[in-house]
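Just follow the structure's listing: the first ligand is 1, and inside any ligand the first atom is 1.
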Amino acid sequence: MNAALVSFIRDLYQSNEFIPLHAPVFAGNELKYVSATIESTFVSSVGKFVDEFEAKIATFTGTAQAVATVNGTAALHTALYLAGVKSGDAVITQPLTFVATCNALYHMGATPVFVDINTATLSLCPQALAEFLQQHAKTDDDGCYLKRNGQRIRAVMPMHTFGHPAALDELSQICQQWQLILIEDAAESLGSFYKGRHTGTIGQFGALSFNGNKIITTGGGGMLLCATEQDGSHAKHITTTAKVPHRWEFYHDEPGFNFRLPNLNAALGCAQMERLSYFLTQKRKLAMQYKTFFADSAYQFVDEPAECQANFWLNAIICPDQQSRDQLLQSTNDAGVMTRPVWQLMHHLPAFKDAMRGPLPFAENLAQRLINLPSSVSELS
Ligand SMILES: *Cc1c(COP(=O)(O)O)cnc(C)c1O
């Protein structure tokens, strides 16, 4: 298997060089638009590309309002702030995620509570969430609390792992029942749809990331998707220092953030958005080639969940056991083909080791068996 996989991937990419996990592709108007910002001198907080980029994302996702931010973590931070997450609150999320999900809520003074994922989505499991709440939570007129210490549970934050949508209908329904705000960490899922609706637009807030390794990149950048225009305009206001517009006065009507995406980065984003549908087509082709390669093997290709369209941002397989995973990591990386295990689970990190959690058998098991495969868009695939 291991040698066959290496040559299969080398064939896909027609390369004998090092093959990275995910490299950006700049083959459209990137240089043209970035040069235009430099020539105009409007590289920073003023300029037309930010508005244009926000409009493009709003149209593509169908959100009420999209607000560009300096990175995906800042978009999550703003979402939590607007959701009213306060110091001392709890926010339910999954242990299998990139650390940014937990960092954002940590810096709001909140504590994560970890609930298991399911194998079909690799994302927060609705059944595990419902069971956790039944056992550990109670509601009264103003919200949801942990029974054991009265800590307020403010929000639920699923993450669409590698671009595979979480079970959003079930999760929204549970959130409604328990008076919890649904915030989607859609950092990895631009171009992924749940029953025809774009991920990040089903909850009250969604956060996208345009970091260098994501499906499109702005160098660094993010986007907050708001379900209401009211939240959208508030988001725009607080991410831009809460300055009240005036030709010369500096008056700020609340403590704001400086989270605005620079025009320079937005220019890159506008050019990348022109290429998104091509990227999505190529990624799907690549995924189907991996799927065929692993069919009838002991390695399970992670396919898109039912009724969903995934962006196949990072392809993943589940190995039969930890030993075969370690051997595959060793032989592919030795051969110059980059593969990677999934992130260390959040409750294994020092900052979150004492966080409250439900039983996590699926996360623990998958964390030992999952591997990500090279997934860059290739002109040849
Ligand atoms: C990339 C990513 C983020 C945000 O990352 P930034 O680097 O801040 O843009 C957040 N959550 C997840 C799951 C991610 O993969």
Side-chain angles (χ1 to χ4, degrees), residues 21-24 53 57 66-81 83 85 91-108 110 112 114-115 117 121-124 155-166 168 171 182-192 199-200 203 205-225 239 257-262 264-266 268-269 272 283 302 310-316 340-347 349 351-352 363 366-367 370 372 375-376:
L21 200 65
H22 201 285
F53 188 41
I57 294 280
V67 177
T69 55
V70 283
N71 54 51
T73 311
L76 285 171
H77 198 141
T78 310
L80 291 160
Y81 179 85
V85 171
V91 174
I92 297 177
T93 189
Q94 60 203 55
L96 184 112
T97 185
F98 176 59
V99 71
T101 316
C102 292
N103 285 343
L105 63 92
Y106 176 88
H107 289 292
M108 288 299 305
F114 297 116
V115 166
I117 56 168
T121 65
L122 304 181
S123 303
L124 194 63
V156 174
M157 193 154 60
M159 193 280 280
H160 305 298
T161 308
F162 311 137
H164 296 289
L168 287 164
L171 293 173
L182 180 62
I183 300 172
E184 295 172 64
D185 184 341
E188 304 181 353
S189 65
L190 175 64
S192 298
T199 50
F205 300 99
L208 305 177
S209 166
F210 314 115
N211 189 35
N213 62 348
K214 297 299 199 302
I215 186 162
I216 69 162
T217 185
T218 57
M223 191 76 73
L224 176 61
L225 308 180
T239 53
F257 299 102
N258 179 17
F259 281 169
R260 185 185 172 88
L261 184 72
L264 193 59
N265 302 79
L268 197 51
Q272 289 266 285
K283 278 184 167 286
V302 177
N311 65 0
F312 290 105
W313 168 58
L314 273 191
N315 287 290
R340 204 176 65 178
V342 74
W343 317 279
Q344 295 271 330
L345 297 176
M346 291 302 108
H347 62 287
L349 303 182
F352 309 114
L366 284 178
L370 196 142
N372 286 123
S375 300
S376 309

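Contact atoms of ligand 1 toward Ser209: 1 (C), 4 (C), 5 (O), 6 (P), 9 (O) (distance under 4.0 Å to a heavy atom of the residue). Interface atoms of ligand 1 facing Met159, defined by a heavy-atom separation under 4.0 Å, are 13 (C). Distances below 4.0 Å separate heavy atoms of Thr97 from the following atoms of ligand 1: 13 (C).
Using bins of under 30°, 30° to 60° and over 60° for the plane-to-plane angle, the ring pair Phe114/His347 lands in the tilted bin.
Relative to atom 10 (C) of ligand 1, the option among Ala100, Gly72, Ala74 with the closest non-hydrogen atom is Ala100.
Under the 3.5 Å distance criterion, the side-chain polar atoms of Ser192 are left unmatched by any main-chain donor or acceptor of His164.
The aromatic ring centroids of Phe53 and Phe210 lie less than 6.0 Å from each other.
Among protein heavy atoms, atom 15 (O) of ligand 1 sits closest to Glu188 OE2, 2.5 Å. Closest to atom 3 (C) of ligand 1, if we only count protein heavy atoms, is Ala187 CB, 3.5 Å. Protein heavy atom in closest approach to atom 8 (O) of ligand 1: Thr73 OG1, 2.5 Å. Protein heavy atom in closest approach to atom 2 (C) of ligand 1: Lys214 NZ, 2.9 Å. Here the protein heavy atom with the shortest distance to atom 11 (N) of ligand 1 is Asp185 OD2, 2.8 Å.
Under the 4.5 Å side-chain criterion, counting only non-hydrogen atoms from C-beta, Ile57 is in contact with Leu225.
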**Prompt:** Between Gln94 and Thr161, is a side-chain hydrogen bond (donor to acceptor under 3.5 Å, both in side chains) present by the stated rule, with each step listed?
**Reply:** CA-CA 10 Å; Gln94 60 203 55; Thr161 308; 3.2 Å; yes
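Taken from CE in Met346 to CG in Leu96, the straight-line distance is 8.0 Å, to the nearest 0.5 Å.
Leu208 approaches Leu190 most closely through the heavy-atom pair CD1-CD1, 4.0 Å.
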